[in-house]
Amino acid sequence: MRLASKIFLGFSLVIVVLAAVGVLGLRAVGRLVSVNREIASEALPALRLTSGVRDTLQTMARLEARFVVLRDRRYADLWRESAAHARADLARLADLVHSGPEASHLAGARVAFDRYHAAVLQAQSRLLARATPPTPGDESPTRPLGEQVETELEALQQATHARVHRAQAEVARLERRTWNGVIVALATALVLALLATAVIALRITRSLRRLSVATAAVAAGSFQEPIPAGGRDEVGVLARSFNAMVDRLHKHDELKEEFFATLSHELRSPITSVREAAHLLADGVPGPLTAKQGRLVDIIRRSTDRLLRLVNQILDVSRLRAGLLPLEFVPLDLDWLIARAVDELRPQADEARVALVRERVGARFTVLGDEDRLVQVVVNLLANAVRFTPVGGRVTVRLVDAGPECEIQVEDNGVGIPAAELPHIFESYRQAHPGKGGTGLGLAIVRGLVQAHGGRVTAESQEGKGSRFSVLLPRDRAA
């Protein structure tokens, strides 16, 4: 069975459960939204309008009383305006009430308001027609009608409050039921997902773990045995493809190493002959040269020196990878060795106008190592530091007594190394600044020689501020 089919079958049940949860949840949410919309768009506006009508009735009663006492037409006009607002609000309430008690009380309030309105208008007409004001003991005939409207509106408000409470209770019930259903369904889906994941993971990760270990071994260059590939799913196909890829990589590496080693070895002899011939010509052994001939010979000599250095570097890398580079371990004083390397690089630093400084921290600097190869390590690091340090810069070689190890630090305040290139700086043919010259093999040789001595090399850098390379060598090779 293919891997996609396994995963689909394992999670299809979980998907069905989650889909059912989604449908139930959407239905519950829809009902909750409907109830909340009813409360927000009908019940609450109805309560506000009812309260507003009651406040308007109280204002109308005050205006009516002032008109009775003062007989000022302005109070009658204000009363009519308030009555018009109250009538409009009662009409709007008809669209906001739906329950039987609310509709009954609203109808009663509108009938009572119409009676109250007609009675007040009639009373105002009589008062305007009378010549003498009413006596203080006379009771207004409209007051009972206004109280009846107030009573109906209060009952309407209570009925609306009851509807809101019922809606809130339904919302709470729906919320509890929704939460209970969602929690139970999610718990079921979680258990099913864990079971399906466990079954699929146990069958898949075993092969993937082997493949991951083999990939790391290939990256480290130590993979030897092919991984088992018995399954027919995508993981098995991947394992077989991986084995074929590793086999081809091994063959390509062998062909490449053989090609570079053969080519470098075959090139070394003729390049050496050309180099020596150029030196003889430059020294005037066959006879004197003209100025133009001398310049051409100098170009040939420098070019052959560079080619020979490149060939030697390629041979060194090939022998380091094959573990065939001969090393002679003898007790060495690193302080003397660094002085020799600094003296060798001093002309190049002076020409680049870069200060070359030695520092020491501690007193014991003796290690077991190959003198020429360790000089090569320091020279390569110093040459790189001088090359990437601007005019007026400084390169420091620091020797540190680090207990069971000796540390050589080469530090500069040059252009630095980009952060993206820093993890790959010791790889062959990898250059952080391709336009600055070099072959990309110097640091690879440094790492190989240091590792051949049982040590390690690290690099720290900040672009624009400089770099520091640290070589740590054990005092005892066995350690």
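With Arg398 contributing its side chain and Val357 its backbone, the two residues share no donor-acceptor pair below 3.5 Å. Checking side-chain atoms of Asp370 against main-chain N and O of Glu328 turns up a donor-acceptor pair under 3.5 Å. With hydrogens and angles ignored, the 3.5 Å screen pairs no side-chain donor or acceptor of Arg373 with any backbone N or O of Ala452. Judged purely by atom type and a 3.5 angstrom limit, Thr366 has no side-chain atom pairing as donor or acceptor with the backbone of Asp333. Asn413 places no side-chain N or O within 3.5 Å of a backbone atom of Gly393 that could act as its donor or acceptor partner.
To the nearest 0.5 Å, atoms CZ (Arg346) and CG (Leu356) are separated by 5.0 Å. The CG atom of Leu374 sits 6.0 Å away from the CG atom of Leu337 when rounded to the nearest 0.5 Å. Here the CG atom belonging to Leu368 is positioned 9.0 Å from the NE2 atom belonging to His453, to the nearest 0.5 angstrom. The distance from atom CG of Asp335 to atom CZ of Arg360, rounded to the nearest 0.5 Å, is 4.5 Å. Here the CG-CH2 distance, from Leu399 to Trp336, works out to 14.0 Å after rounding to the nearest 0.5 Å. Atom CZ of residue Arg456 and atom CG of residue Leu473 lie 10.0 Å apart, to the nearest 0.5 angstrom.
The two atoms that bring Phe469 and Ser467 nearest to each other are CE1-CB, 4.2 Å, heavy atoms only. Pro390 approaches Val354 most closely through the heavy-atom pair O-CG2, 3.7 Å. For the residue pair Ala352 and Val386, the shortest heavy atom distance occurs at CB-CG1, 4.1 Å. Taking all atoms of both residues into account, the shortest heavy-atom contact from Leu332 to Gly369 is CD1-O, 3.3 Å. Ala159 approaches Glu102 most closely through the heavy-atom pair CB-CG, 3.7 Å. Nearest heavy atoms, Ser470 versus Gln409: OG-CG, 3.8 Å.
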Problem set entry | Audit row: Gln376, Asp372, side-chain contact (heavy atoms from CB on, under 4.5 Å) steps and yes/no | CA-CA 6 Å; Gln376 184 180 0; Asp372 292 335; over 6 Å; no
For this session: Go through Leu195 and Val191 one step at a time and tell me if the side-chain contact (heavy atoms from CB on, under 4.5 Å) criterion holds.
Result: CA-CA 6 Å; Leu195 289 176; Val191 172; 4.2 Å; yes
For this session: Carefully, step by step, assess Val457 and Phe426 under the rule side-chain contact (heavy atoms from CB on, under 4.5 Å).
Result: CA-CA 9 Å; Val457 59; Phe426 291 104; 3.8 Å; yes
For this session: Kindly determine whether His424 and Leu443 satisfy side-chain contact (heavy atoms from CB on, under 4.5 Å), including the steps that lead there.
Result: CA-CA 10 Å; His424 312 286; Leu443 291 179; over 6 Å; no
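By the 4.5 Å heavy-atom criterion applied to side chains, Cys406 and Arg475 are counted as neighbours.
Under 4.0 Å is where a charged nitrogen must lie from a carboxylate oxygen, and between Arg48 and Asp89 no such pair does.
Other residues, nucleotides and ligands contribute more than 12 heavy atoms inside 6.0 Å of the CZ atom of Arg340. The 12-atom threshold is not exceeded at NE2 of His85, counting heavy atoms of other residues, nucleotides or ligands nearer than 6.0 Å. Other residues, nucleotides and ligands contribute more than 12 heavy atoms inside 6.0 Å of the CZ atom of Arg54.
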